[in-house]
Chemist: 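A single structure is presented below for examination.
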Amino acid sequence: MESIREIYRIGAGPSSSHTMGPKLAAEQFRARVKGAASFQVVLYESLAATGKGHLTDKAIREALAPFPVEILWAQDRQQPEHPNAMDFAALDENGRVLDSWTVFSIGGGALRDRGSTFATPQIYPLQSLTEIMELCGEEGITYWEFVARHEGEDIWNFLEEIRAAMKSCVERGLTTEGVLPGGLGLARKASSYHQKTLLGGAEMRRTGLLAAYALAVSEENASGGTVVTAPTCGASGVLPSVLRYLKENMKARPRSILQALATAGLIGLIIKNNASISGAEVGCQGEVGSACAMAAAAAAQLMGGTIRQIEYAAEMGLEHHLGLTCDPVGGLVQIPCIERNAMAASKAISIAHMALLSDGSHCIPFDEVVRVMKETGHDLPSLYRETSHGGLAKAYGERKEKRGSA
């Protein structure tokens with residue numbers, strides 16, 4: 001497996017696969033082409049279906065500016081490798097093709113093509129959590145020590161940058177109010193949730209703070225603000241919320257937070273390599289489900305859990321999101337995405353508590369849940385995989401039509 005640096009990326013929202021990935025692809029294509037007068041870009045399937053709501057066209061045009069760009073939306077066409085496919089073409093002054101490139105945005109801001117353009121160094125010799133857990137048990141080391149062994153000591157500087165970016169995003173989200181862009185008229189809620197929680201009783205404190213922190217990040221993401229993929233933009237609110245909450249309530253040391261980030265990154269990396277973190281490929285179980293698994297593992301570690309209890313927490317975090325569809329209303333990362341982050345953050349803490357109540361023994365290993373998640377995602381009809389043609393997106397659209405005709 002590659003580095004956990006592939007899981008954590010700092011960039012602008014609202015979508016790692018539909019905004020960050022296409023922008024990076026456009027930048028790289030532009031850099032390799034000489035003498036272009038204009039560009040043409042074909043967006044397929046999910047990129048075409050929800051691209052306008054995710055600002056895909058805006059990101060591509062900005063990357064290729066000041067050249068004219070023609071964008072073709074081909075949501076009924078597909079490339080076999082991935083539903084987030086793009087065809088780039090560079091044209092000369094006479095409209096002749098100088099160069100072309102097919103590239104896939106595979107989730108979390110990562111790209112893949114039919115060659116080896118995006119090949120990354122493989123630094124981990126083991127690919128399953130079962131193998132890693134057995135090795136850690138034999139050698140008496142933790143998951144974060146396993147990460148440091150293969151990543152090198154400079155991984156801590158990288159994770160400090162990630163921690164700082166997450167912290168900054170939460171702070172911005174807690175102090176910003178107003179209506180989110182996109183036309184749904186959805187008001188930001190993080191600030192009011194936070195204030196009500198601070199004024200309320202102890203009974204509501206955990207739910208209120210976790211929700212406020214998760215909403216803060218998710219609302220920043222929906223506004224196109226700078227977030228950290230964990231493992232994606234659409235699920236970026238879960239892990240920062242859990243870490244912020246535990247730092248405040250457990251007085252966790254800064255070093256412990258970095259170690260928790262290392263373990264969470266390892267969990268996300270295993271899911272990405274053995275299944276998918278792309279909502280367009282496997283639904284929201286691959287995004288919010290993966291984020292919950294990462295956050296639950298991090299929480300269990302911060303609470304003093306054993307390697308087996310941490311594995312159990314990660315397993316429950318993913319297991320109890322199996323089958324979760326990706327059905328963003330209007331193609332925007334707002335409804336139901338923002339609330340899902342808050343729900344998953346709260347669930348992650350409860351899962352960590354459950355794991356610690358046990359001895360870590362359970363029937364279905366994390367790796368098997370990852371395999372089932374991949375199978376489940378591929379079995380989901382495409383309208384439930386980031387197309388906005390089914391589920392809540394369809395229900396909202398029908399409701400809006402009825403209102404208009406009334």
Side-chain angles (χ1 to χ4, degrees), residues 1-9 107-108 110 123-124 126-137 141-151 155 159 162-163 166 228-232 235-236 238-243 246 256-278 282 285-303 305-322 344-345 347-349 351-352 354-356 360 362 364-374:
M1 297 190 297
E2 69 269 28
S3 169
I4 62 171
R5 297 169 190 264
E6 298 298 313
I7 286 293
Y8 298 126
R9 299 171 189 262
I123 67 171
Y124 290 100
L126 305 177
Q127 298 186 38
S128 73
L129 190 54
T130 299
E131 293 173 308
I132 294 169
M133 183 168 59
E134 289 175 354
L135 182 144
C136 289
I141 63 173
T142 61
Y143 291 123
W144 64 262
E145 287 174 311
F146 174 81
V147 169
R149 173 183 295 181
H150 294 286
E151 298 274 2
I155 193 62
L159 290 175
I162 296 302
R163 185 207 63 77
M166 287 181 170
V228 177
T229 60
T232 66
S236 59
V238 183
L239 183 56
S241 171
V242 168
L243 294 179
L246 291 178
S256 297
I257 298 296
L258 299 188
Q259 292 163 352
L261 276 170
T263 296
L266 182 64
I267 297 299
L269 194 63
I270 292 169
I271 297 172
K272 178 186 174 185
N273 277 267
N274 297 325
S276 176
I277 57 171
S278 168
V282 295
Q285 58 177 355
E287 296 200 38
V288 167
S290 297
C292 186
M294 293 168 64
Q301 177 173 298
L302 284 168
M303 293 176 188
T306 64
I307 56 172
R308 188 166 294 279
Q309 289 169 327
I310 294 168
E311 184 268 350
Y312 188 19
E315 183 272 333
M316 282 191 280
L318 188 60
E319 176 187 6
H320 297 294
H321 284 89
L322 287 177
K347 189 180 292 186
I349 294 292
I351 285 170
M354 287 183 64
L356 265 67
H362 56 106
I364 303 177
F366 171 80
D367 295 307
E368 288 188 20
V369 177
V370 172
R371 176 181 58 80
V372 169
M373 188 269 279
K374 181 179 181 180

Chemist: Test Q259 against T263 for side chain to side chain contact (heavy atoms under 4.5 Å, CB included), laying out the working first.
Modeler: CA-CA 6 Å; Q259 292 163 352; T263 296; 5.9 Å; no
Chemist: Could you state the interatomic distance from CZ (R163) to CG (L243), rounded to the nearest 0.5 Å?
Modeler: 10.0 Å
Chemist: For H150, which residues count as a side-chain hydrogen bond (donor to acceptor under 3.5 Å, both in side chains) partner, sequence neighbours excluded?
Modeler: none
Chemist: Considering only residues two or more places apart or on different chains, which pairs with a residue in residues 285-294 satisfy side-chain hydrogen bond (donor to acceptor under 3.5 Å, both in side chains)?
Modeler: T232-E287
Chemist: M316 and A355: which non-hydrogen atoms are nearest, and at how many Å?
Modeler: CE-N, 3.8 Å
Chemist: Suppose we screen for salt bridge (charged side-chain N to carboxylate O under 4.0 Å, His left out). Which residues come up paired with E2, at least two apart in sequence or across chains?
Modeler: K272
Chemist: To the nearest 0.5 angstrom, please state how far the CD atom of Q301 sits from the CD1 atom of I307.
Modeler: 11.0 Å
Chemist: Got a second to check how far I141's CD1 is from L135's CG, nearest 0.5 Å?
Modeler: 5.5 Å
Chemist: Can you give me the closest heavy-atom contact between A295 and V238, atom names plus distance?
Modeler: CB-CG1, 3.9 Å
Chemist: Given side chain to side chain contact (heavy atoms under 4.5 Å, CB included), test L261 with L239 step by step and report yes or no.
Modeler: CA-CA 9 Å; L261 276 170; L239 183 56; 3.9 Å; yes
Chemist: Are the side chain of Y8 and the backbone N or O of L159 linked by a donor-acceptor pair below 3.5 Å?
Modeler: no
Chemist: Mind listing the closest non-hydrogen atom pair of A352 and A300 along with its distance?
Modeler: CB-N, 3.7 Å
Chemist: Minimum heavy-atom separation for V288 and A344, please, with both atom names.
Modeler: CG1-CB, 3.6 Å
Chemist: Return yes if some donor-acceptor pair links the side-chain N/O of N274 with the main-chain N/O of Q127 below 3.5 Å, else return no.
Modeler: yes
Chemist: If I compare all heavy atoms of M373 with all of S276, which pair ends up nearest, and what's the gap?
Modeler: CE-O, 3.4 Å
Chemist: Rounded to the nearest 0.5 Å, what's the gap from CE on M133 to OH on Y143? Could you check?
Modeler: 5.0 Å
Chemist: Flag the pair H321 / K347 as yes when at least one side-chain heavy-atom distance between them is below 4.5 Å, and no otherwise.
Modeler: yes
Chemist: I'd like to check the salt bridge (charged side-chain N to carboxylate O under 4.0 Å, His left out) partners of R308; sequence neighbours left out, ordered by chain and number.
Modeler: none
Chemist: Looking at side-chain heavy atoms only, is the closest gap between I257 and L302 below 4.5 Å?
Modeler: yes
Chemist: Could you walk me through whether I132 and Y124 pass the side chain to side chain contact (heavy atoms under 4.5 Å, CB included) check?
Modeler: CA-CA 10 Å; I132 294 169; Y124 290 100; 5.8 Å; no
Chemist: Check side chain to side chain contact (heavy atoms under 4.5 Å, CB included) between D367 and all other residues, then give those that pass, not counting sequence neighbours.
Modeler: S128, L129, T130, I270
Chemist: For M354, look at atom CE and say whether over 12 heavy atoms of other residues, nucleotides or ligands are found less than 6.0 Å away.
Modeler: no
Chemist: Which heavy atom in V228 sits nearest to a heavy atom in S236, and how many Å separate them?
Modeler: O-CB, 3.2 Å
Chemist: Check each of E315, E311, M294 against I267 using the side chain to side chain contact (heavy atoms under 4.5 Å, CB included) test, and report the only one that passes.
Modeler: M294
Chemist: Can you tell me how far the CD1 atom of I271 sits from the CG atom of L318, to the nearest 0.5 Å?
Modeler: 5.0 Å
Chemist: Taking salt bridge (charged side-chain N to carboxylate O under 4.0 Å, His left out) as the definition, give me every residue that meets it alongside E151, ordered by chain and number, with sequence neighbours left out.
Modeler: none
Chemist: Working to the nearest 0.5 Å, report the span between OH of Y312 and CD1 of I351.
Modeler: 10.0 Å
Chemist: Donor-acceptor check, side chain of Q309 to backbone of T306, threshold 3.5 angstrom: yes or no?
Modeler: yes
